[in-house]
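Structure, as structure tokens:
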Amino acid sequence: MSLIAWLDTSPGDEQRMRELVHMFSEPGTLDDLGVGQIRDALSDAMFPGITTSHTRARYLLFIPWIFHHASESASGGDLLEKAHHAERRFITSMLEGGHTDGLIGRVNNGQTTVLASSIYWSALYRYRILRVNRRPNQLHRHSIGVGRFDEDGDDTAMKEWSIGVPAPLGFPRVVGAGFDLSADEARWLRERIVGSARDSYLAHILTSSYRDTRSAAAPWTHVSLKDAPAAIGRTVEHGRLASLAVEGALLLYHLMVAERYVDFGFARARTPVEKYRHRLTNWAERVDKSTNPLQDWDLSELWGELERVRSSPVEAGTQLFMETWVDHLTRGGAQNAAASNDMRGLVADRERSIKKERSRLTNTERLATWRAPTVTPLTFRWHQARRICNDIIAGIDRAGT
């Protein structure tokens with residue numbers, strides 16, 4: 001059973017909970033300063049439907065094929081049981097075929113508690129491959145044999161899916177080319193994504209003449225940005241500046257924790273104080289190169305965009321923290337961040353307001369468990385989006401081979 005399958009929530013709520021579980025399982029990604037609302041909303045704005053758990057694009061076909069086949073003989077809970085059995089058979093087939101790069105469940109040989117269908121379900125609805133916002137156990141049997149029809153006499157289950165390309169003959173025991181999309185499959189997936197997320201950076205990359213994302217380390221370094229519509233360019237620039245600002249705040253936070261760690265005599269980890277000081281110096285040099293963009297950064301525009309994405313405002317304390325931090329940066333504070341009492345106080349107050357009694361700056365037991373994480377810039381699910389785009393682009397390019 002999935003770790004969170006018991007929750008009485010919508011598929012979208014379940015995906016957000018899964019994202020939270022995934023985040024807390026990754027070292028260095030804890031939301032120590034409470035910027036998750038900014039991170040997640042910018043991720044959704046640039047790459048709608050993509051989550052940190054996604055690996056390969058062809059799952060957007062594998063899962064509909066599995067569930068639609070299961071609906072030929074079952075509905076509801078029975079359909080879900082048949083589909084899960086087929087998913088595990090699919091994992092075995094992929095392992096036997098050597099298709100392991102990005103395979104969900106490969107470590108446990110298919111006996112995983114979290115199957116790919118639960119990870120991709122909200123994306124299937126976001127791209128309107130799944131036409132109805134239903135849980136897997138709410139799907140219907142379709143009209144092969146005994147069907148279920150609506151008031152117009154139409155097959156209810158056939159209305160639940162939009163699947164424009166057929167599964168390989170013998171699927172899921174036969175998986176064909178594994179994760180490699182055919183040209184027809186890739187073009188159809190691109191059509192679904194672009195049609196449902198037309199104004200996003202994700203759709204722009206998939207339709208741009210500058211499509212190859214392999215050499216881009218972050219969304220703002222991809223060459224397609226130069227011919228992106230102005231609105232997409234502004235969103236990506238918001239992401240770049242937010243990433244730069246938050247990175248410094250996190251580096252200062254961990255420097256402060258490292259200093260306290262040493263003061264209390266915890267010696268199990270290598271003393272990381274100088275590491276964070278060095279990283280702060282390098283970060284300050286990058287801030288200096290972006291002084292003008294930071295001074296011109298319209299944070300009110302950012303909050304408005306994020307509210308449209310979230311359908312609710314970013315929490316007021318988060319806005320105040322970011323605005324105050326950025327104000328320090330625009331006044332030259334980056335170079336003196338490690339020595340600034342004001343900047344240290346801002347970060348310390350923010351961490352305590354988020355973690356309360358679990359703050360590492362006040363709770364010695366929590367301090368003892370600290371492991372000097374590596375602080376990496378936010379890239380807003382870029383690595384997952386890049387892989388999905390590359391799969392689709394490679395498939396389209398196969399049309400010419």
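Along the sequence shown, residues carry numbers from 1. All figures in this text were calculated on a predicted structure; none of them were measured in a lab.
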Measuring from L80:CG to S117:OG, what's the distance to the nearest 0.5 Å?
7.0 Å
Does the side chain of P377 come within less than 4.5 Å of S243's, by heavy atoms?
yes
For the residue pair Y59 and Y120, does the interplanar ring angle fall in the parallel (under 30°), tilted (30 to 60°) or perpendicular (over 60°) class?
tilted
Rounded to the nearest 0.5 Å, how far apart are CG of D40 and OG1 of T51?
11.0 Å
Can you find a pair of side-chain heavy atoms, one from R240 and one from P293, that are under 4.5 Å apart?
yes
Hey, are the side chains of S196 and R126 touching, using non-hydrogen atoms and a 4.5 Å cut-off?
yes
What are the two closest non-hydrogen atoms of M322 and A245, and how far apart are they?
CE-CB, 4.3 Å
Within this structure, what is the CG-CG distance for the pair L139 and D78, rounded to the nearest 0.5 Å?
12.5 Å
Is any side-chain heavy atom of H238 less than 4.5 Å from a side-chain heavy atom of F380?
no
Non-hydrogen side-chain atoms of D288 and Q335 separated by less than 4.5 Å
yes
Taking side-chain hydrogen bond (donor to acceptor under 3.5 Å, both in side chains) as the criterion, tell me which of R279, R286, H278 meets it with N282.
H278
Would R134 and H140 count as a side-chain contact (heavy atoms from CB on, under 4.5 Å) here? Give the steps.
CA-CA 10 Å; R134 289 182 185 148; H140 297 113; 3.4 Å; yes
Is there side-chain contact between R360 and T369, with at least one heavy-atom pair below 4.5 Å?
yes
How far does OH of Y261 sit from NE2 of H254, to the nearest 0.5 angstrom?
13.5 Å
Given the ring of Y125, does R128 sit roughly above its face, with NZ or CZ under 6.0 Å from the centre of the six-membered ring and within 45° of the axis?
yes
Minimal non-hydrogen separation, L225 against P219, with atom names:
CD2-O, 4.5 Å
Would you call the rings of Y201 and H204 parallel, tilted or perpendicular if under 30° counts as parallel and over 60° as perpendicular?
parallel
Pick out which of R190, R398, R58, R56 makes a salt bridge (charged side-chain N to carboxylate O under 4.0 Å, His left out) with D391.
R56
So the salt bridge (charged side-chain N to carboxylate O under 4.0 Å, His left out) pairs with at least one residue in residues 320-339 (sequence neighbours excluded) are D327-R331
Taking all non-hydrogen atoms of both residues, which atom of L255 and which atom of A338 are closest, and how far apart?
CD2-CB, 3.8 Å
Between W325 and the options L33, L252, V35, the side-chain contact (heavy atoms from CB on, under 4.5 Å) test singles out L252
Between R310 and E315, does any side-chain N to carboxylate O distance fall below 4.0 Å?
no
Kindly indicate, with the supporting measurements, whether the criterion side-chain contact (heavy atoms from CB on, under 4.5 Å) is fulfilled by R88 and L115.
CA-CA 8 Å; R88 291 188 168 88; L115 293 166; 3.9 Å; yes
With no hydrogens and no angle check, is any side-chain donor or acceptor of N363 less than 3.5 Å from a backbone partner on E357?
yes
Starting from the C-alpha separation in whole Å, work towards a yes-or-no answer on side-chain contact (heavy atoms from CB on, under 4.5 Å) for L329 and M343.
CA-CA 10 Å; L329 301 186; M343 296 177 78; 4.0 Å; yes
Distance-minimising heavy-atom pair for D184 and R187:
OD1-NH2, 2.8 Å
side-chain contact (heavy atoms from CB on, under 4.5 Å) between L302 and W297, worked out:
CA-CA 9 Å; L302 171 65; W297 191 14; 3.7 Å; yes
Kindly assign one of parallel, tilted or perpendicular to the pair Y276 and W370, based on the angle between their ring planes and the thresholds 30° and 60°.
tilted
For the pair T324 (side chain) and L320 (backbone), establish whether a donor and an acceptor sit closer than 3.5 Å, ignoring hydrogens and angles.
yes
Is there a donor-acceptor pair closer than 3.5 Å between any side-chain N or O of Y127 and the backbone N or O of P48?
yes
Is there side-chain contact between L244 and S290, with heavy atoms separated by less than 4.5 Å?
yes
With sequence neighbours excluded, give me every salt bridge (charged side-chain N to carboxylate O under 4.0 Å, His left out) pair touching residues 192-205.
none
How far apart are the closest heavy atoms of I205 and S224, and which atoms are they?
CG1-OG, 3.6 Å
Would you say the side-chain atoms of T55 pair up with the backbone N or O of G102, donor to acceptor, closer than 3.5 Å?
yes
Closest non-hydrogen atom pair between A334 and V287, with its separation
CB-CG1, 3.8 Å
If only atom types and distance count, is the side chain of R173 paired as donor or acceptor with the main-chain N or O of R89 below 3.5 Å?
no
Candidate pair K82 and E72, rule salt bridge (Lys or Arg N to Asp or Glu O under 4.0 Å), full reasoning
CA-CA 10 Å; K82 285 179 176 290; E72 293 179 359; over 6 Å; no
Quick check for you: to the nearest 0.5 Å, what is the distance between Q384 atom CD and F47 atom CZ?
10.0 Å
May I ask you to say whether D32 pairs ionically with K355, meaning some side-chain N is under 4.0 Å from a carboxylate O?
yes
Within this structure, what is the CG-OG1 distance for the pair L202 and T207, rounded to the nearest 0.5 Å?
9.5 Å
All side chain to side chain contact (heavy atoms under 4.5 Å, CB included) counterparts of R260, not counting sequence neighbours
F264, T364, L367
Taking 4.0 angstrom as the limit, do R234 and E237 come out as a salt bridge?
no
Are any of the side-chain nitrogens in R387 or D101 under 4.0 Å away from the carboxylate oxygens of its partner?
yes
Under a 4.0 Å threshold between the charged nitrogen and the carboxylate oxygen, would R344 count as salt-bridged to E351?
no
Should we say atom CD of E96 is surrounded by more than 12 heavy atoms from elsewhere, each under 6.0 Å from it?
yes
For the pair E185 (side chain) and V165 (backbone), establish whether a donor and an acceptor sit closer than 3.5 Å, ignoring hydrogens and angles.
no
May I ask you to decide if G34's main-chain N or O and R350's side chain share a donor-acceptor pair within less than 3.5 Å?
yes
Do the side chain of W220 and the main chain of G239 share a donor and acceptor less than 3.5 angstrom apart?
no
Measure from the side-chain N and O atoms of T221 to the backbone N and O of A217, and report whether any donor-acceptor pair falls under 3.5 Å.
yes
Do W161 and S71 have side-chain heavy atoms sitting under 4.5 Å apart?
no
Between R386 (side chain) and A216 (backbone), is there a donor-acceptor pair under 3.5 Å?
yes
